[in-house]
Amino acid sequence: MAPHLNIVPSMFVLLLLFISASKVQSDAFDVVAKFGAKADGKTDLSKASSIALNFPFLDAWKEACASVTPSTVVIPKGTYLLSKVNLEGPCKAPIEINVQGTIQAPDDPSAFKDPNWVRFYSVENFKMFGGGIFDGQGSIAYEKNTCENREFRSKLPVNIRFDFVSNALIQDITSKDSKLFHINVFACKNITLERLKIEVPDESPNTDGIHMGKSEGVNIIASDIKTGDDCISIRDGTKNMVIKEITCGPGHGISIGSLGKFQNEEPEESKVKLSNISFKNIRGTSALPEAIKFICSGSSPCQNVELADIDIKHNGAEPVTSQCLNVKPITSGKLNPIPCSGPVPKTPSATA
């Protein structure tokens, strides 16, 4: 299911931004050639070596960020170990990261004391591209991540965090085997994620593909997401977003939900309102008979929800159904399942 809102103006601004920036030759900061990083899968890209007090990735970022002309941090092909890194702005000019290699996290979850591995904070006019891979090496974490082990889960890192990032384009990047969520978008504005690959075993818990909240102008385009939880999860404060041309599966689909659970959400509990959402041109299969669920607030019903040309089949023997509560969707085209065709349980949930 794909929420589709009109965000053409912000996408156009973002496109103009990178067209204009590309006309200016950017300075290159190569983590290997200039900063001594080693693509051996053992030498930490974020720590000083025994022979020099340089921190290759962070030093390259700091120099590029301080440049008054557009700059590019280059991570060449090869395999790099990275314990963790926090890449902060604001920068003095547009900045890019060209990731060509594979960056691997420590496989031992105990190496992390907080839920951060690669974090971008307060960066504007940013682009990351190059076909590279962020490998969270999460197999050990999956075995220990249970509902009873909440303290363990609280320290598991997200592969890539974008916090307070604006006017950004993330393109042709793979996130693999994250220990928790793959990509987290928080308090961002005008950020496009395009042609991404997210890969994780289907039995891996809490490995949402792209998770977002309190962000505006988020565009997720032409991406392939295979995960053990929600392909895309949308939390409170998210406005004006487009999700299109997404392949989701395995995974729990696209969830606009888990809202109204915490007191500090926008707005407060039982007042969550969803409006102006379109689900169009969706094809696929569902692991459960209940393929579509619209469970809206009784005090703030969903408004202007549009369904058009949807064909979802159950991969079991039962026919697919659609559950609706406090919503009357606008429909057009071929629709399978029939909208609002299934009964709603007294205590409806997102997954059962």
Side-chain angles (χ1 to χ4, degrees), residues 14 17-106 116-136 157-175 183 188 190-196:
L14 187 61
L17 169 69
F18 287 106
I19 288 176
S20 60
S22 65
K23 294 179 181 179
V24 181
Q25 183 65 38
S26 63
D27 295 327
F29 297 83
D30 190 311
V31 297
V32 173
K34 187 173 181 180
F35 295 91
K38 294 182 179 180
D40 57 9
K42 299 177 181 179
T43 306
D44 197 332
L45 192 59
S46 66
K47 291 186 178 180
S49 66
S50 59
I51 58 174
L53 293 177
N54 65 315
F55 302 80
F57 198 178
L58 187 58
D59 288 349
W61 172 267
K62 287 181 177 179
E63 285 199 26
C65 190
S67 173
V68 295
T69 58
S71 56
T72 303
V73 174
V74 180
I75 301 177
K77 291 182 178 180
T79 301
Y80 304 84
L81 173 66
L82 176 68
S83 57
K84 67 178 298 182
V85 68
N86 191 42
L87 304 172
E88 296 187 5
C91 298
K92 293 183 178 180
I95 186 169
E96 301 177 342
I97 296 184
N98 181 352
V99 182
Q100 303 169 11
T102 297
I103 302 175
Q104 292 183 330
N116 297 309
W117 180 38
V118 178
R119 181 181 184 237
F120 297 91
Y121 178 81
S122 189
V123 182
E124 186 176 2
N125 300 334
F126 171 65
K127 181 179 180 181
M128 183 163 67
F129 64 102
I133 300 171
F134 290 85
D135 183 357
V158 173
N159 259 13
I160 310 172
R161 283 186 180 272
F162 299 102
D163 295 338
F164 300 93
V165 172
S166 60
N167 299 329
L169 176 61
I170 314 303
Q171 208 172 51
D172 300 312
I173 293 293
T174 295
S175 177
I183 296 174
C188 293
N190 296 336
I191 180 171
T192 294
L193 302 102
E194 184 177 24
R195 299 195 300 270
L196 302 187

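The chain is numbered in sequence order, starting from 1. FYI, side chains are in, hydrogens and waters are out, and symmetry mates aren't considered; it's all heavy atoms of this structure.
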Problem set entry | Verdict with supporting geometry, Asp44 and Phe55, side chain to side chain contact (heavy atoms under 4.5 Å, CB included) | CA-CA 9 Å; Asp44 197 332; Phe55 302 80; over 6 Å; no
What are the two closest non-hydrogen atoms of [X] and [Y], and how far apart are they?
| X | Y | answer |
| --- | --- | --- |
| Ala28 | Val74 | CB-CG2, 4.4 Å |
| Leu81 | Gly41 | CB-O, 3.8 Å |
| Val73 | Ala60 | CG2-O, 3.8 Å |
| Phe134 | Met128 | CZ-SD, 3.9 Å |

Exercise. Looking only at side chains, do Ser166 and Asn190 share a donor and an acceptor under 3.5 Å apart?
Worked result: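 Judged by distance alone, the side chains do not pair up.
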Exercise. Is it the case that Asn98 and Thr72 place a side-chain donor and acceptor less than 3.5 Å from each other?
Worked result: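 Result is no, nothing qualifies.
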How about [X] and [Y]: do any of their side-chain heavy atoms sit closer than 4.5 Å?
| X | Y | answer |
| --- | --- | --- |
| Thr79 | Gln104 | yes |
| Ser175 | Leu196 | no |
| Trp61 | Phe35 | no |

Just by modelled atom types, is the [Y] backbone N or O under 3.5 Å from a matching donor or acceptor in the [X] side chain?
| X | Y | result |
| --- | --- | --- |
| Ser46 | Lys84 | yes |
| Asn116 | Arg119 | no |
| Thr174 | Ile133 | no |

Exercise. NZ of Lys77 to CD of Gln100: how many Å apart, nearest 0.5 Å?
Worked result: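 The NZ atom of Lys77 sits 7.0 Å away from the CD atom of Gln100.
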Exercise. Is a salt bridge present between Lys34 and Glu63, judged by a nitrogen-to-oxygen distance below 4.0 Å?
Worked result: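 Here Lys34 pairs with Glu63 in a salt bridge, since their nearest N and O are under 4.0 Å apart.
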Exercise. According to the interplanar angle, ranging from 0 to 90°, do the rings of Phe162 and Phe126 count as parallel (below 30°), tilted (30 to 60°) or perpendicular (above 60°)?
Worked result: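 Rings of Phe162 and Phe126: tilted, as their planes differ by 30° to 60°.
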